[in-house]
Amino acid sequence: MKKKYIFTKDSKFTHLKDKMHQSVTEHVVEDEETKKLYHDVVSYGSWFRITDSSVFISHLLKEVGLTGFCEAYVADDCSMILPWYPSSPITSQSVVELPEDLKLKDFEFGYSKTEKSDEFKQTFLGKEFEIPIEGEYKTTYTGEDILKIIFGCSAFQFGHAKIGDKHSPLFCLLSMRGFDTIDEEKMSTLLAALDKDKHKDIVSILKAFSKIDIEAKMKEFDEETERTHPDLCTELLYKQLIIDGALISMDSAKETEQKEL
């Protein structure tokens with residue numbers, strides 16, 4: 001998730017496009033070595049920042065099968081001297097990788113009023129799921145809703161790619177720290193409402209997440225960044241326990257249903 005995956009210590013970047021607003025300057029940059037395009041944010045006190053936890057979670061969730069967002073990478077050791085960088089030292093830096101097939105001319109910052117592309121609607125974040133939950137007026141949940149309730153992340157749209165007369169939103173994941181009782185209640189309620197057969201896309205991701213060795217991956221990440229993240233590790237392990245319990249309940253419910261038939 002750091003330079004060993006994509007960057008070398010001497011990677012340099014060419015500044016290609018920018019947008020300045022409020023306390024943030026957003027850049028599109030190109031790695032001169034690999035020619036890959038990235039989204040980079042320079043913050044002057046704004047809340048927007050790609051933290052270590054956001055970087056880690058983007059790779060973890062991509063591995064378990066979530067789609068529809070761009071992965072973030074730590075880029076601490078890379079040369080990225082771009083316009084409007086703050087004069088004070090930057091203690092940590094990250095970039096969000098843009099899709100392989102995206103052309104710079106098709107990239108725009110912000111939102112689009114056009115319809116979302118069919119390709120995006122097939123991604124996890126672009127899908128909609130019918131999940132009737134007792135006591136809730138809402139029955140349709142988007143992939144973004146699932147991401148927020150179960151994994152405690154928000155999908156932040158920093159731009160979009162023009163695809164003919166439609167567009168594909170470009171999201172990065174932001175980790176919402178602080179796993180309190182209300183979040184746990186919402187998570188458990190949603191998990192209890194899932195059906196093993198009707199919600200296969202969600203269940204397959206839950207199963208893959210439950211099998212991940214969180215501690216091993218966090219150890220690797222800690223070594224790469226030379227920073228420790230004990231709270232994030234504890235939070236993810238706790239979520240695994242909740243998900244494991246929900247999966248067992250789903251299996252039991254399905255077995256009971258089959259016996260009654």
Side-chain angles (χ1 to χ4, degrees), residues 1-9 11 26 29 31 34 36 38-43 46-78 80 90-99 123-125 143-158 170-180 183-184 187 202 204-244:
M1 298 166 207
K2 200 183 174 187
K3 62 180 183 298
K4 81 180 237 186
Y5 288 86
I6 285 188
F7 310 124
T8 66
K9 189 171 184 178
S11 288
E26 300 183 70
V29 296
D31 185 329
T34 64
K36 288 178 180 284
Y38 297 89
H39 173 246
D40 176 48
V41 176
V42 180
S43 174
S46 166
W47 63 270
F48 186 91
R49 187 164 64 94
I50 308 294
T51 61
D52 280 355
S53 58
S54 297
V55 171
F56 184 83
I57 207 78
S58 75
H59 286 262
L60 192 73
L61 295 186
K62 184 73 76 173
E63 184 173 335
V64 302
L66 260 81
T67 54
F69 62 90
C70 304
E71 288 174 290
Y73 290 85
V74 174
D76 291 347
D77 297 323
C78 300
M80 297 178 67
I90 298 174
T91 56
S92 64
Q93 183 142 20
S94 47
V95 293
V96 178
E97 184 179 19
L98 299 182
T123 67
F124 187 86
L125 289 187
E144 290 184 62
D145 293 329
I146 304 298
L147 173 73
K148 185 174 182 180
I149 295 171
I150 295 181
F151 296 107
C153 298
S154 62
F156 180 81
Q157 184 175 343
F158 60 85
L170 296 171
F171 289 106
C172 64
L173 299 190
L174 299 180
S175 176
M176 299 157 52
R177 302 315 315 283
F179 188 51
D180 58 27
D183 291 329
E184 181 180 349
M187 177 182 177
I202 303 173
S204 67
I205 285 170
L206 296 178
K207 287 182 176 179
F209 181 79
S210 72
K211 295 175 182 177
I212 289 283
D213 189 337
I214 300 291
E215 291 177 303
K217 289 191 174 295
M218 186 59 71
K219 183 176 183 293
E220 180 184 8
F221 188 58
D222 287 351
E223 290 172 352
E224 290 170 6
T225 59
E226 299 180 350
R227 297 186 284 269
T228 59
H229 310 85
D231 292 344
L232 176 62
C233 187
T234 300
E235 180 179 311
L236 292 173
L237 288 171
Y238 186 46
K239 288 181 181 180
Q240 272 190 328
L241 286 175
I242 296 173
I243 288 172
D244 285 344

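Quick caveat, the model's predicted, so the values are computed rather than measured.
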Under 4.5 Å between any side-chain heavy atoms of [X] and [Y], yes or no?
{"X": "Leu173", "Y": "Ile50", "result": "no"}
{"X": "Pro99", "Y": "Cys70", "result": "yes"}
{"X": "Val95", "Y": "His39", "result": "no"}
{"X": "Lys36", "Y": "Leu98", "result": "no"}
{"X": "Leu170", "Y": "Phe69", "result": "no"}
{"X": "Ile57", "Y": "Leu236", "result": "yes"}
{"X": "Leu60", "Y": "Ile214", "result": "yes"}
{"X": "Ile212", "Y": "Gln240", "result": "yes"}

Can you list the residues that meet the side-chain hydrogen bond (donor to acceptor under 3.5 Å, both in side chains) rule with Lys219, with sequence neighbours excluded?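 Here the qualifying residues are Glu223.
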
Could you work out, with side-chain hydrogen bond (donor to acceptor under 3.5 Å, both in side chains) as the rule, every residue matching Asp244, not counting sequence neighbours?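 Testing Asp244 for side-chain hydrogen bond (donor to acceptor under 3.5 Å, both in side chains), a comparison that skips the adjacent residues, returns none.
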
Between Asp222 and Arg227, is there a side-chain N and carboxylate O pair less than 4.0 Å apart?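 No, this pair does not count.
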
Pair Asp76 + Lys9: basic N to acidic O under 4.0 Å: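 So Asp76 does not pair with Lys9 through a salt bridge.
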
Ring centroids only, cut at 6.0 angstrom: are His229 and Phe221 within range, meaning strictly under it?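 They qualify: ring centres under 6.0 Å apart.
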
Could you measure the distance from the [atom1] atom of [X] to the [atom2] atom of [Y]? Nearest 0.5 Å is fine.
{"X": "Leu61", "Y": "Phe124", "atom1": "CG", "atom2": "CZ", "answer": "9.5 Å"}
{"X": "Leu232", "Y": "Ser54", "atom1": "CG", "atom2": "OG", "answer": "9.0 Å"}
{"X": "Leu66", "Y": "Ile202", "atom1": "CG", "atom2": "CD1", "answer": "10.0 Å"}
{"X": "Asp40", "Y": "Glu26", "atom1": "CG", "atom2": "CD", "answer": "9.5 Å"}

Report the C-alpha separation of Met187 and Ile243 in whole Å, then their side-chain angles, then the decisive distance to 0.1 Å, and conclude whether the side-chain contact (heavy atoms from CB on, under 4.5 Å) test is met. CA-CA 9 Å; Met187 177 182 177; Ile243 288 172; 3.7 Å; yes

Would you mind listing every salt bridge (Lys or Arg N to Asp or Glu O under 4.0 Å) that reaches into residues 61-70, with sequence neighbours excluded?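 Of all non-adjacent pairs touching residues 61-70, those that pass salt bridge (Lys or Arg N to Asp or Glu O under 4.0 Å) are Glu63-Lys217.
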
Looking only at heavy atoms, which two atoms of Val55 and Ser94 are closest? And how far apart?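 Taking every non-hydrogen atom into account, CG2-CB, 4.1 Å.
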
Run the side-chain contact (heavy atoms from CB on, under 4.5 Å) test on Val74 and Glu224 for me, step by step, so that the C-alpha distance in whole Å, both residues' side-chain angles and the decisive distance to 0.1 Å come before the verdict. CA-CA 9 Å; Val74 174; Glu224 290 170 6; over 6 Å; no

Counterpart residues, salt bridge (Lys or Arg N to Asp or Glu O under 4.0 Å), relative to Glu71 (two or more places apart):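 By the salt bridge (Lys or Arg N to Asp or Glu O under 4.0 Å) rule, Glu71 matches no residue at all.
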
Let me have the donor-acceptor pairs involving side chains of residues 148-156, under 3.5 Å, with sequence neighbours excluded, atom names and distances please.
none

Applying side-chain contact (heavy atoms from CB on, under 4.5 Å), can you list everything that pairs with Asp31, at least two apart in sequence or on another chain?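 With sequence neighbours excluded, Asp31 shows a side-chain contact (heavy atoms from CB on, under 4.5 Å) to Phe7, Ser11, Phe13, Glu33, Thr34, Tyr38, given in chain and number order.
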
